[in-house]
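The structure displayed is predicted, hence computed values, not measured ones. Here is the naming used below: chain letters follow the sequence lines, and residue numbers restart at 1 for every chain.
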Amino acid sequence: MDYSELPKAYDASAVEKDIFKAWEEAGYFDPDKLPERNQNGEPYCIVLPPPNRTGTLHMGHAKMLAVEDLLIRFYRMQGRKAYWIPGTDHAAISTQVKVEQILIKQGMKDPRRELGREKFLEEVKKFAQQSRDTIVSQCKAMGASMDWNREKYTLDEDRNKAVNHMFKMMYEDGLIERGFRVVNWDPQFKTTLSDDEVLHKETQAELVTFKYDKDFPIAISTTRAETKFGDTAVAVHPDDVRYKQYIGQTLAANYCGKQISVKVIADKEVDPEFGTGALGVTPAHSMIDSDIANRHELPMVQVIGQDARMTVEAGPDFEGLTTLEARAKAISMLEEAGCLIKKEAVPQNLMIAERGGATVEQLPMRQWFVRVNKPFKLRQNSLGKWKQGDETTLKELMRHAVESGQTRILPESFHKIYFHWIDNLRDWCISRQIWFGHQIPVWYRRSSQAARPTSEDCEVSVGVEPEGDGWERDPDTLDTWFSSGMWTFSTLGWPDTASVDEQGNLIKTGELAMYHPTNVLETGYDIIFFWVARMILMSAYALGEVPFHDSYLHGLVRDDQGRKMSKSLDNILDPLDLIPKYGTDAVRLSLVMGTSPGLDQKLSEEKIKDFRNFTNKLWNISRFVLQSTSQTTVEEADRQRAGGKTLSDDWILSRFYHVQNKVTALIKDYQLSQAGELLRDFTWSDLADWYLEISKIEKNKDAVLGHILPRLLKLWHPFMPFVTEYIWKVGGLGSGQLMVSEWPSEESQASEAEKRFETIKTLVTDLRRLRSEQGIEPVKFVEFAVVADHAGSQIIEKNMEVVKSLCRAEKIILADKIDDGWAAAVSGSMTIGLNLAGAVDVEAEKMKLQKEMEDLIPYIESTEKKLSNSEFTAKAPEKVVKGMQDKLEEAKHKLAALEQRLKIL
RNA sequence: GGACGUUUAGCUCAGUUGGUUAGAGCGUUCGAUUCACAUUCGAAAGGUCGCAGGUUCGAAUCCUGCAACGUCCACCA
């Protein structure tokens, strides 16, 4: 091939599509179509966190894809049977809300009512399908090496089967139950929400202190006067002498025109120091109060309805008012009646819905819950701690999975956060009053004349649709995270691929046996609770094993000022804009380099541009190697390499093996950024700036370059798959595709060459400095001579051509070969003889020398002191002491040389 | 209210059991250029490692306190 035809600049957009197509056609994204080497290898599996079918992918997704593809490609090249499970998430409420908004924009007033369940769901499905298509093409544009023929969907038939099975299991184990409890209610979307879907926003509120009516003996405080119609108790601390006399009494009161009956109860939870020390208990509209009410068996009066307006229970004056209207009205009525004691402004956390931002009301409703504290009997041995039939709780399972190290969360600082969340976890409300999602697999048949079916007066069938007439299915759907929580095994054929043997061991078959537990779950830290924790819960419960060994949590991608990317700020960087502009490889590098797990990253277009420059650099390095060396196959190169090596050859090979092994270790340890930076330093500094320059002087580098280039491309491939695969192809560097080539793994050879080559680097750098600082023309270097210690002198003499060329000097004379007419000066371990006949600005050089000496003296003094300290030499590791001694010697040498040079000047 | 994270060069960030004179990229300044690459090359300047104590022969690294910024959790009604 004629490499001189290769373009000077790498044009990513011109080649990426074809490369991706070639990958797809080769079929290697499918683990079952990988080469034999991989087929026999150990499985390696990552599930893609399924992107929500709510629109398009953003930078966070791009980062996720970049990291996961890096890992998958790395392990695939390492010979593992790599399986990256692709899929998308129906994202229940998010998607439904999105479609509703679109339909409203198109002119509908209330799409759900106007269309009805079936037609509305058709609209949602249409949208979800479009969104899915966009997501798939975006994943492909990112170079993500997963096989979409194996696509899974959280709402497809297989997943529905798994969900229903899980629901039934948990129901039978008493872990799922229907209950009338206080739940989070989103009045805007008219559905319940889990605790995690509720945000707290600090606002100013008015805390009012009052008595229910004039004759009521106890004053209480509240920020929500409108809920007080629902009070059924006043709670005080049992030891509070002020109220002791009332404890146990039931008092009647007239609160703003409504007759209420409150019992005075004693409860240790009440803080006697706060406010009046008495707490009005509203069981229907506060989870905390509801807990108190359960303890004391108090009745519940619901005064706020699902429309966030007051109910008939609030009395005729208030019924139908919004909560805010009712609050204002109640306060003014209290004021008029002379019951108001105090008003003060306090900060208060308002509960708002994560989606939509509506104020969340707490209401009592009949809903389905997963009970996290309920002891149950395990169906199989679990997590190496429990045997079949042992009692435990879901919380215990979640805790032990991480505590025992079976799942590792990275960075480890998230362990604490995880445990804290578990400790505070309440039962998980899983039923939603939306249409898009897995419909709850429960059927009721009326067994009484009740107007509406409830579990009390109905026959209930769970899991599969029962035979017979009169059955009606629960209209609610499941929280989207219920199905997401099963993702690692619902995608691997569960429940058909799992059974339990007589000893209580889980027997896995098929893909579940092959790939579960998966190796790593890589996702943003923002969904650790929503998803990571629930996956652990589901897997530990249903399989008795963890869903993944490692959980690598990446940070959020922010703009260059550290702000969240958002439409309103107009600071969104869109992968789809950037990929054609800078190339996918550049975008991927910018999302991996300079980042740490768990920490947010700032991203600017500038950074992506820098990595575009680097892809081009790698392109040109390769082009140069291909053009300037004779075509050698990898095998030929290896053979040739055996003989005729120079110092620079030994040096670059030594460096390369070091980098190769270090990069391998770093990737295995998830230190992707560091691995990339190490590779970049080697590629740009060592290889391009030194070795390739030397190769222009010393010929016959074909074998070494022919050895390094293909291996370097391999090391880079997981980071920048496109450009490396392209070079591999146009360079004819190997028979198959780079993506399934073998990861290089030569043992690191400890070599003296690195140290000896430093001698040359130091000298060259020094001479370059003189030229740069003092503007001495290259030709003048003729006048410079070099004295090195014996070894250094020999190194330089042997590599004279290289040194001369790199310094652009015509001639360099070693000092031991010059006469007294030359003066000697010193730099580092070698002496640079300077001809005083005008080549150097003496004053400038003197100042430079003096400054260098000044910097050196304190170091030498302190190091000497340290080394003479017996405690130090006794306690410090030998390696450190030896290193310091060497450095000290070097510094002393240098100082002496500087002194001498100064004297001469 | 509880917890977590961050704070290192003008900017973005490395710095993994405490150990040799704290590193890189970008930016800045100066210089180079027919030679793979101006998407380039060379050189230089630039840091009391947030502040104050402590432990240690030795601290950016460990401990304590403080500050700034950020995040998560929690309905003191």
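- A 3.5 Å limit on both hydrogen-bonding distances identifies no Watson-Crick or G-U partner for B:rG27.
- Nearest to the side-chain atoms of A:D681 among the listed nucleotides B:rU6, B:rC26, B:rA24 stands B:rA24.
- Residue contacts shown for A:W690 are absent, as no nucleic acid heavy atom lies under 4.0 Å away.
- Rounding to the nearest 0.5 angstrom, the gap separating the CG atom in A:L867 from the NZ atom in A:K865 is 12.5 Å.
- Using a 4.0 Å heavy-atom criterion, one finds that A:L599 contacts the sugar-phosphate atoms exclusively.
- Residue-level contact check: A:F529 touches the backbone only, with heavy atoms under 4.0 Å from sugar-phosphate atoms and none from bases.
- In this structure, A:L279 reaches the bases: a heavy-atom distance under 4.0 Å links it to at least one base atom across the strands shown.
- Under the stacking definition used here (centres under 5.5 Å, planes under 30°), the residue A:Y859 qualifies as stacked on the base of B:rU21.
- Using P as the reference atom, B:rC41 and B:rG5 are 40 Å apart when rounded to the nearest Å.
- In this structure, the nucleotide among B:rU71, B:rA77, B:rU21 sitting nearest to the side chain of A:D271 is B:rA77.
- Here A:T765 lies in heavy-atom contact (under 4.0 Å) with sugar-phosphate atoms only.
- A:A688 comes within 4.0 angstrom of a nucleotide base, judged by non-hydrogen atoms across all strands.
- Base contact: A:H285 has a heavy atom under 4.0 Å from a base atom.
- Of the candidate nucleotides B:rA77, B:rA14, B:rA36, B:rA77 has the atom lying nearest to any side-chain atom of A:T222.
- In this entry B:rA77 has no Watson-Crick or G-U wobble partner, no candidate having both defining distances under 3.5 Å.
- Each of B:rC4, B:rU39, B:rC72 was ranked by its minimum atom distance to the side chain of A:A9; first place goes to B:rU39.
- Seen from the ring of A:Y859, A:K887 does not count as a face-on cation partner, given the 6.0 Å and 45° thresholds.
- At the heavy-atom level, A:K416 lies under 4.0 Å from the strands shown only through sugar-phosphate atoms.
- Annotation: cation-pi pair A:R655/A:W690 absent, no NZ/CZ under 6.0 Å from the ring centroid and within 45° of its normal.
- Pair check for B:rG50 finds B:rC66; Watson-Crick or G-U wobble, both atom distances under 3.5 Å.
- The nearest heavy atom of RNA chain B to A:K875 and to A:G280 marks one nucleotide each, and the one closer to the 5' end goes with A:K875.
- Taking the six-membered ring for Trp and the full ring otherwise, A:W716 and A:F719 have centroids separated by under 6.0 Å.
- Using a cutoff of 4.0 Å between basic side-chain nitrogens and carboxylate oxygens, A:R295 and A:E269 are not scored as salt-bridged.
- Regarding contacts with the backbone of B:rU12, every side-chain N or O of A:K607 stays at 4.0 angstrom or more from both OP1 and OP2.
- Heavy atoms of A:K602 sit under 4.0 angstrom from primed sugar atoms or phosphate atoms, though from no base atom.
- If you check the side chains of A:Y670 and A:D550, you find a donor sitting under 3.5 Å from an acceptor.
- Across all strands, A:R224 comes closer than 4.0 Å to no nucleic acid atom at all (heavy-atom distances).
- The side chain of A:N613 has B:rU40 as its nearest neighbour among B:rU40, B:rU20, B:rC35.
- Among the protein residues, A:D610 comes within range of the sugar-phosphate backbone only, with heavy atoms under 4.0 Å from sugar or phosphate atoms but none that close to a base.
- Comparing B:rC76, B:rA36, B:rG19 by their nearest atom to the side chain of A:K696 picks out B:rA36.
- Taking only side-chain nitrogens and oxygens, A:S596 comes nearer than 4.0 Å to OP1 or OP2 of B:rA14.
- Within the 4.0 Å cut-off from OP1 or OP2 of B:rA3, not a single side-chain nitrogen or oxygen of A:W421 is found.
- Remark: B:rA3 base-pairs with B:rU71. Criterion, Watson-Crick or G-U wobble with two distances under 3.5 Å.
- A:D526 comes within 4.0 angstrom of nothing in the nucleic acid, heavy atoms only.
- Counting non-hydrogen atoms of neighbouring residues, nucleotides and ligands closer than 6.0 angstrom, the NZ atom of A:K564 reaches no more than 12 such neighbours.
- Listed nucleotides: B:rC57, B:rC26, B:rU20. Nearest to the side chain of A:E871: B:rC57.
- Taking the nucleotide of RNA chain B with the nearest heavy atom to each of A:V880 and A:D669, the more 5' of the two is matched to A:D669.
- Residue contacts shown for A:Q885 are absent, as no nucleic acid heavy atom lies under 4.0 Å away.
- When distances are taken from the side chain of A:F274 to each of B:rC4, B:rC76, B:rA36, the shortest belongs to B:rC76.
- As judged by a 4.0 angstrom heavy-atom cut-off over every strand, A:M287 is placed among the base-contacting residues.
- Residue A:K866 places none of its side-chain N or O atoms closer than 4.0 Å to OP1 or OP2 of B:rG58.
- For A:Q674, whose side chain is taken as the heavy atoms from C-beta onward, the closest listed nucleotide among B:rC73, B:rA43, B:rG15 is B:rG15.
- Across all strands shown, B:rA9 remains unpaired; no Watson-Crick or G-U wobble contact has both distances below 3.5 Å.
- When distances are taken from the side chain of A:R623 to each of B:rC37, B:rU39, B:rC75, the shortest belongs to B:rC37.
- Using the six-membered ring where Trp is involved, A:Y726 and A:W619 have ring planes that are parallel, under 30° apart on the 30 and 60° scheme.
- Checking B:rU17 for Watson-Crick or G-U wobble geometry (two distances, each under 3.5 Å) identifies no partner in any strand.
- When both pairing distances are held under 3.5 Å, B:rU34 makes no Watson-Crick or G-U pair with any nucleotide shown.
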